[in-house]
Amino acid sequence: MAPRALRPVDLAREHGLSTQAVRNYEDDGILPAAERGATGYRRYSAVHAQALRAFLALRPGYGHQTAAAMMRAAHRRDEETVFRLLDRAHADLLRERDTLDEVAAALGALATAPAPERDRAGTLTIGALAHQLGMHPASLRKWEEAGIVRPERDRATGHRLYPPDAVRDARAARHLRRGGYPLAQIRVFVEQLRAAGDTPALEDVLQGWRARLRRQSRAMLEGGHQLDVYLAMLDPA
């Protein structure tokens with residue numbers, strides 16, 4: 001007996017979506033193309049239902065764009081691209097964890113020791129720092145105006161130079177910005193970081209940052225599980 005065809009409403013009800021949202025996901029390539037009945041209506045299958053589960057599970061941990069790219073690659077049976085996207089997202093999260101640990105460690109170190117002499121070898125230009133952070137140099141200039149980063153100036157050229165402590169501040173600001181923190185709050189955080197302040201506001205930021213990373217890791221686990229189920233359905237053993 002052939003499996004029953006599923007309608008857009010059948011997929012939508014499971015997740016509290018509208019039928020139009022399901023159709024939009026198919027049109028965007030997030031769901032594989034559906035068969036059409038004699039009357040032109042879309043006919044989905046259990047594979048489509050799992051594809052939707054996988055995408056919606058991936059999105060909280062990996063973001064909409066990356067989750068969509070994973071699904072499109074999976075439909076093409078391009079597992080190499082799927083795994084690259086997974087690996088890149090996990091590497092980015094690990095770097096953010098490392099940055100958080102560095103910020104937390106810096107607070108303790110700066111609170112008990114004088115600021116160390118800086119090594120010019122760790123200094124970056126505005127272009128190099130922007131590239132490292134994946135952002136536009138204009139954003140770094142905006143952060144400078146907001147008091148978040150404090151570059152130095154090359155005496156010969158007048159160009160901005162970012163010593164190690166400014167690079168640290170910029171990295172912390174970048175991750176906090178990704179987490180949705182407004183520039184005013186980031187400025188307060190960075191000022192307290194520079195002064196090694198131990199205030200409830202600063203502790204709240206650090207704890208909230210770490211909690212967000214934990215939630216993202218759990219979301220990645222759930223998304224990976226649903227994606228694995230989908231890949232197995234595409235290529236059953």
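Since the model is a prediction, treat every value here as computed from it, not as a measurement.
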Is there side-chain contact between [X] and [Y], with at least one heavy-atom pair below 4.5 Å?
| X | Y | result |
| --- | --- | --- |
| Leu124 | Leu161 | no |
| Leu17 | Leu52 | yes |
| Lys142 | Ile148 | no |
| Leu227 | Leu86 | yes |
| Pro151 | Ile126 | no |
| Leu6 | His48 | no |
| Arg97 | Trp209 | no |
| Asp154 | Arg160 | no |

Quick one: [atom1] on [X] to [atom2] on [Y], what's the gap to the nearest 0.5 Å?
| X | Y | atom1 | atom2 | result |
| --- | --- | --- | --- | --- |
| Asp165 | Arg168 | CG | CZ | 6.0 Å |
| Leu234 | Arg76 | CG | CZ | 12.5 Å |
| Met70 | Leu231 | CE | CG | 10.5 Å |

Using every non-hydrogen atom in the two residues, find where [X] and [Y] come nearest and quote the distance to one decimal.
| X | Y | value |
| --- | --- | --- |
| Arg187 | Ala146 | CD-O, 2.8 Å |
| Val82 | Ala74 | CG2-N, 3.7 Å |
| Ala51 | Met71 | O-CE, 3.4 Å |
| Ala170 | Trp143 | O-CZ3, 3.6 Å |
| Pro163 | Thr123 | CA-OG1, 3.7 Å |

Should we count [atom1] of [X] as having more than 12 external heavy atoms under 6.0 Å?
| X | atom1 | value |
| --- | --- | --- |
| His131 | NE2 | no |
| Gln20 | CD | yes |
| Arg84 | CZ | no |

Practice task
Would you please indicate yes or no on a ring centroid separation below 6.0 angstrom for Phe55 and His64?
Solution key: yes
Practice task
Check whether the ring centres of Tyr230 and His75 lie less than 6.0 Å apart, and answer yes or no.
Solution key: yes
Exercise for the section: Apply side-chain contact (heavy atoms from CB on, under 4.5 Å) to Asp169 and Tyr162, showing your working. Expected result: CA-CA 10 Å; Asp169 294 346; Tyr162 295 80; over 6 Å; no
Practice task
Could you walk me through whether Leu85 and Arg88 pass side-chain contact (heavy atoms from CB on, under 4.5 Å), step by step?
Solution key: CA-CA 5 Å; Leu85 290 167; Arg88 186 176 299 126; 3.8 Å; yes
Practice task
Check for a donor-acceptor pair, side chain of Arg13 on one end and backbone N or O of Pro8 on the other, with a separation under 3.5 Å.
Solution key: no
Exercise for the section: Give a yes or no on whether the backbone of Arg7 and the side-chain of Asp10 come within a donor-acceptor separation of less than 3.5 Å. Expected result: yes
Practice task
Check the pair Thr81 / Arg72 against side-chain contact (heavy atoms from CB on, under 4.5 Å), numbers first and verdict last.
Solution key: CA-CA 10 Å; Thr81 294; Arg72 295 185 188 111; over 6 Å; no
Practice task
Would you kindly confirm whether Val229 and Leu11 end up in one hydrophobic cluster when ILVMFWY residues are joined by side chain heavy atoms under 4.5 Å apart?
Solution key: yes
Handout entry: Shared hydrophobic cluster for Leu221 and Leu94 (ILVMFWY, side-chain gaps under 4.5 Å)
Key = no
Exercise for the section: Apply side-chain contact (heavy atoms from CB on, under 4.5 Å) to Asp235 and Arg77, showing your working. Expected result: CA-CA 9 Å; Asp235 294 302; Arg77 309 299 200 273; 3.7 Å; yes
Side-chain atoms of residues 132-141: list all donor-acceptor pairs with protein atoms under 3.5 Å, sequence neighbours left out, distances to 0.1 Å.
from, atom 1, to, atom 2, distance (Å)
Gln132, OE1, Arg171, NE, 3.2
Gln132, OE1, Arg171, NH2, 2.7
His136, ND1, Ala138, N, 3.0

Problem - side-chain hydrogen bond (donor to acceptor under 3.5 Å, both in side chains) between Gln50 and Arg53, worked out - result: CA-CA 5 Å; Gln50 182 57 38; Arg53 290 186 200 106; 2.9 Å; yes
Cut-off 3.5 Å, no hydrogens considered: what does the side-chain donor-acceptor table look like for residues 36-44, sequence neighbours left out?
from, atom 1, to, atom 2, distance (Å)
Arg36, NH1, Gly40, O, 3.0
Arg42, NH1, Glu26, OE1, 2.8
Tyr44, OH, Glu26, OE1, 2.6

Practice task
Classify the angle between the aromatic ring planes of Tyr62 and His90 as parallel (below 30°), tilted (30 to 60°) or perpendicular (above 60°).
Solution key: perpendicular
Problem - Worked check of salt bridge (Lys or Arg N to Asp or Glu O under 4.0 Å) between Glu96 and Arg210 - result: CA-CA 10 Å; Glu96 186 171 354; Arg210 200 173 296 280; over 6 Å; no
